Peer 1: 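Structure provided below as structure tokens; questions to follow.
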Amino acid sequence: DNIEGCSPFVGGSVRDCVVLVSRGICSFALKAQNGQDAGAVGILVYDNVEPTTITMMHASSDGAPLPKIPAFLITKIVGLGLWERLISGE
């Protein structure tokens with residue numbers, strides 16, 4: 001239910017994983033921080049619009065510490081394709 005990654009991830013559900021989340025209402029930095037706090041090793045954010053309208057993600061300017069895990073933006077089509085593969089058990 002945390003498809004946008006805007007809430008903390010439950011327990012060790014993403015430990016040692018690369019997290020796949022949708023672009024949405026919260027900052028890229030918060031998504032990455034939530035993943036990092038739950039033990040993720042990276043995060044992929046797929047765009048929620050097609051075509052992708054931004055070329056790079058930026059961190060929040062609120063002075064909060066930046067997450068240290070790698071984070072990348074991918075297109076909606078690629079992200080949904082990965083999502084389908086994950087839910088099918090691949």
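Only a predicted model underlies this, so the values are computations on that prediction, with no experimental measurement involved.
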Peer 1: So, N34 side chain and A38 main chain: donor-acceptor pair closer than 3.5 Å or not?
Peer 2: no
Peer 1: Do I43 and F28 land in one hydrophobic cluster if side-chain heavy atoms of ILVMFWY residues count as linked below 4.5 Å?
Peer 2: yes
Peer 1: Write out all pairs satisfying salt bridge (Lys or Arg N to Asp or Glu O under 4.0 Å) with one or both partners inside residues 4-30, taking only residues at least two apart or from two chains.
Peer 2: R23-D47
Peer 1: Would you kindly confirm whether L30 and V18 end up in one hydrophobic cluster when ILVMFWY residues are joined by side chain heavy atoms under 4.5 Å apart?
Peer 2: no
Peer 1: Within a strict 4.5 Å, meaning less than it, do heavy atoms of the F9 and V21 side chains meet?
Peer 2: yes
Peer 1: Just to verify, what does D37 make a side chain to side chain contact (heavy atoms under 4.5 Å, CB included) with, not counting sequence neighbours?
Peer 2: Q33
Peer 1: Is there a donor-acceptor pair under 3.5 Å between the side chain of K31 and the backbone N or O of S22?
Peer 2: yes
Peer 1: Would you say I69 ends up clustered with V10 if hydrophobic residues are merged whenever their side chains have heavy atoms under 4.5 Å apart, either directly or through other cluster members?
Peer 2: no
Peer 1: I need the full list of side-chain hydrogen bond (donor to acceptor under 3.5 Å, both in side chains) pairs touching residues 71-86, with sequence neighbours left out, sorted by first then second residue.
Peer 2: R85-E90
Peer 1: Of all heavy-atom pairs between P67 and A29, which one has the smallest distance, and what is that distance?
Peer 2: CG-O, 3.5 Å
Peer 1: How would you list, by chain and number, every residue that makes a side chain to side chain contact (heavy atoms under 4.5 Å, CB included) with I74, sequence neighbours excluded?
Peer 2: L20, L44, Y46, V78, L82
Peer 1: Taking CD1 in I3 as the centre, count heavy atoms belonging to other residues, nucleotides or ligands within less than 6.0 Å. Is the count above 12?
Peer 2: yes
Peer 1: State which residues pass disulfide bond (SG atoms under 2.5 Å apart) with C17; sequence neighbours excluded, sorted by chain then number.
Peer 2: none
Peer 1: Which pair of heavy atoms, one from P70 and one from V41, lies closest together, and at what distance?
Peer 2: CD-O, 3.3 Å
